[in-house]
Protein chains: 2
Amino acid sequence: MGTEDAAGKPLAEQVYENVSRLIVSGELAAGEPLVQEKIAAQFDVSRTPVRDALTQLTTDGLATLVASRGYFVTDLSRNQVEDVFEVRAALEELALRSAFGRHTPKDLLHLRTLAAEARLCSPTDGMEVFDVSLRFHRRLVEPCPNGYMLELLGSVWSHPVQRRIALTYKPGQEHVERVASDHERIIDALEAHDLAKATEILRICHDPADERGGPIVE
Amino acid sequence: MGTEDAAGKPLAEQVYENVSRLIVSGELAAGEPLVQEKIAAQFDVSRTPVRDALTQLTTDGLATLVASRGYFVTDLSRNQVEDVFEVRAALEELALRSAFGRHTPKDLLHLRTLAAEARLCSPTDGMEVFDVSLRFHRRLVEPCPNGYMLELLGSVWSHPVQRRIALTYKPGQEHVERVASDHERIIDALEAHDLAKATEILRICHDPADERGGPIVE
DNA sequence: ACAGTACACACTGTATACAGTAGACTGAAG
DNA sequence: CTTCAGTCTACTGTATACAGTGTGTACTGT
């Protein structure tokens with residue numbers, strides 16, 4: 001057998017994505033053992049790509065390696081949701097401060113489009129709303145000249161907890177509207193060169209009660 | 001062969017540490033190819049643990065995987081030193097704010113010890129000074145209740161750039177003294193319940209011109 | 001001299017076999 | 001009924017063989 005299969009991606013990557021999705025969605029419960037051989041059988045590959053995937057899942061915090069006992073699904077609830085959101089808020093604010101004044105008219109236009117896009121989301125699809133919102137935030141801080149900051153933010157955004165939330169919350173119509181208008185107000189503030197106002201609204205965006213929409217299952 | 005050798009650690013871990021050190025110290029130049037077979041031969045192991053190590057090095061940003069071409073040493077100079085320091089400073093300040101008021105008398109005592117330890121360092125051993133200083137900073141923010149924040153800070157502290165600097169700078173006597181006294185002044189501020197002062201001194205600590213001691217080779 | 005093609009090489013991707021270890025289970029002895 | 005020892009089993013750690021891919025290179029034809 002060659003290097004890649006029909007999907008054109010290395011098997012390790014495919015396994016990583018599949019197992020990752022299973023963990024984030026909760027189909028694989030916290031603490032559940034991740035046995036190389038079983039996963040290999042499940043996806044009809046050998047243990048080698050499974051090992052690669054597990055190593056990566058471990059460094060990503062989705063799996064935990066216990067001594068020479070085995071791999072287990074990390075307990076996401078321990079990585080406190082509040083903690084991640086607090087860090088995300090703080091980092092985004094820092095990045096926005098650095099990005100402030102660097103948005104081109106084109107950037108702002110693009111942001112407007114992204115903000116409006118939120119209204120087109122299905123109010124019942126948490127993942128979609130979350131995704132659109134994230135794209136806005138990503139774009140918002142992109143002009144920040146500190147590459148490492150953006151890199152770190154990227155890892156916060158893709159933190160398991162974030163994706164877990166996206167899968168489990170039900171936004172509702174008024175929340176979708178709220179997201180869109182908050183985002184638009186941030187753009188307004190940027191256009192008015194009002195950093196204080198922009199960060200203030202950004203903080204509201206990150207108010208857990210608002211961003212999450214609903215309660216988290218755990 | 002079994003699972004572990006004389007050192008008692010999995011081979012993958014040993015390989016990771018060795019290659020990591022070679023990269024950080026600059027013995028393996030940026031862009032240099034990291035060939036599995038050669039590394040395997042060099043450390044007298046098979047390709048399997050080498051693969052594991054390389055996967056981890058890649059997610060750590062020390063190595064880069066190009067298509068199905070091969071692994072290469074990441075160019076550290078691209079991960080701007082300034083960027084990492086800026087993020088480190090910002091995150092540490094955030095963490096210190098959260099930790100403020102949570103230091104027990106025992107914590108403060110321990111911090112005093114760590115601060116004083118800097119004076120015992122050899123002024124020519126950059127690594128030692130850096131290490132002692134890092135231990136202080138780590139301890140300083142430890143009471144921060146946000147586990148994720150501390151986790152993220154951990155990854156910033158262990159960023160290749162940080163270690164590279166530690167290896168390449170020459171502190172000098174007056175710098176060692178400066179580190180110790182800065183640290184002590186932070187403790188003074190904490191004991192006086194003066195958050196503003198503590199963060200102010202912390203910021204000085206992170207002034208690149210000060211923290212680095214000397215110019216960076218690149 | 002130059003372009004195009006075929007080949008060889010170097011490397012990763014993958015599969016699989018075997019060795020070692022730590023907990024689980026079973027049985028006997030107290 | 002409890003406790004301990006011995007074995008069993010399930011899993012990871014490791015080595016290695018083979019397949020596939022992309023790049024450089026030599027060779028051919030013009």
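Each chain gets a letter, A, B and so on, in the order the sequences are listed, and its residues count up from 1.
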To the nearest Å, give me how far apart [atom1] ([X]) and [atom2] ([N]) are.
{"X": "Leu34(B)", "N": "dA10(C)", "atom1": "CG", "atom2": "P", "value": "18 Å"}
{"X": "Gln36(B)", "N": "dT14(D)", "atom1": "CD", "atom2": "P", "value": "15 Å"}
{"X": "Leu11(B)", "N": "dT16(D)", "atom1": "CG", "atom2": "C1'", "value": "15 Å"}
{"X": "Phe43(A)", "N": "dA15(C)", "atom1": "CZ", "atom2": "C1'", "value": "18 Å"}
{"X": "Arg47(B)", "N": "dT12(C)", "atom1": "CZ", "atom2": "P", "value": "6 Å"}
{"X": "Arg69(A)", "N": "dG23(C)", "atom1": "CZ", "atom2": "C1'", "value": "5 Å"}
{"X": "Ile39(A)", "N": "dC11(D)", "atom1": "CD1", "atom2": "P", "value": "11 Å"}
{"X": "Asp52(B)", "N": "dG13(C)", "atom1": "CG", "atom2": "C1'", "value": "14 Å"}

Checklist entry - With respect to the side chain of Val45(A), which nucleotide from dG13(C), dA15(C), dC11(C) is positioned closest? => result dA15(C)
Checklist entry - Which one, dT12(C), dT14(C), dT12(D), comes nearest to the side chain of Val35(A)? => result dT12(D)
Next on the checklist: Between Arg51(B) and dG13(C), is there a contact of a side-chain N or O with OP1 or OP2 at under 4.0 Å?
Outcome noted: yes
Item to check | Short side-chain N/O contact from Thr48(A) to OP1 or OP2 of dT14(C), under 4.0 Å | outcome: no
Item to check | Nearest-0.5 Å distance, CD of residue Gln36(A) to OG1 of residue Thr48(A) | outcome: 9.0 Å
[X] side chain vs [Y] backbone, donor-acceptor pair below 3.5 Å:
{"X": "Asp52(A)", "Y": "Pro49(A)", "answer": "no"}
{"X": "Glu128(A)", "Y": "Ser122(A)", "answer": "yes"}
{"X": "Thr74(A)", "Y": "Gly61(A)", "answer": "yes"}

Checklist entry - NA contact type, Leu54(A), heavy-atom cut-off 4.0 Å: base, sugar-phosphate, or nothing? => result nothing
Checklist outcome for this item: Nearest-nucleotide check on DNA chain D, Lys38(A) vs Pro49(B); residue mapping nearer the 5' end is Lys38(A)
Checklist entry - In a check of side chain to side chain donor-acceptor pair (under 3.5 Å) between Arg88(A) and each of Glu93(A), Gln162(A), His159(A), which one passes? => result Gln162(A)
